Amino acid sequence: KASKQLHYWQRAMDLWIAGGKPDRALAAARTATKEVEGASRLSAELTLIRTYIALNMFDEALGALSQIAGLAKNQGVEL
């Protein structure tokens with residue numbers, strides 16, 4: 001299923017940012033975190049954090065970053 005492939009979501013985010021639609025980029029980034037598991041989930045969360053930073057949403061980025069260690073543990077991924 002294509003929606004389980006992180007690179008599809010990353011491409012969508014890039015296109016939305018380039019097209020001046022940051023709200024759509026965030027929606028794609030958030031959806032990606034719900035569609036993937038394991039190491040891909042962690043990568044999706046980091047991509048969401050990078051998207052927050054690209055859009056100058058630093059408080060949101062910090063909040064999400066503070067949860068990375070717990071998420072990694074829940075997904076069975078070592079940091």
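Positions are given from 1, in the same order as the sequence printed here. No experiment lies behind these values; they were computed from the predicted model shown.
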Please set out all donor-acceptor pairs under 3.5 angstrom arising from side-chain atoms of residues 25-33, sequence neighbours excluded.
unit_1, atom_1, unit_2, atom_2, d
T31, OG1, A27, O, 2.8
T33, OG1, R30, O, 2.6

Solution key, residues 48-57 side-chain donor-acceptor pairs under 3.5 Å, sequence neighbours excluded:
unit_1, atom_1, unit_2, atom_2, d
R50, NH2, T47, OG1, 3.0
T51, OG1, T47, O, 2.8

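In the hydrophobic clustering (ILVMFWY side chains linked at under 4.5 Å, chained through shared members), L62 stands by itself.
Linking ILVMFWY side-chain heavy atoms closer than 4.5 Å, directly or via other members, places I68 and F58 in a single hydrophobic cluster.
Residue pairs meeting the salt bridge (Lys or Arg N to Asp or Glu O under 4.0 Å) criterion with at least one member in residues 39-48, sequence neighbours excluded: R41-E45. Pairs of residues two or more places apart, or lying in two chains, never qualify as side-chain hydrogen bond (donor to acceptor under 3.5 Å, both in side chains) while including a residue from residues 58-71.
Atom NE2 of H7 is separated from atom OG of S43 by 13.0 Å, given to the nearest 0.5 angstrom.
When all heavy atoms are compared, the tightest approach of V36 to A44 is CG2-CB, 3.8 Å.
Every side-chain contact (heavy atoms from CB on, under 4.5 Å) that R11 has, sequence neighbours left out, goes to L15.
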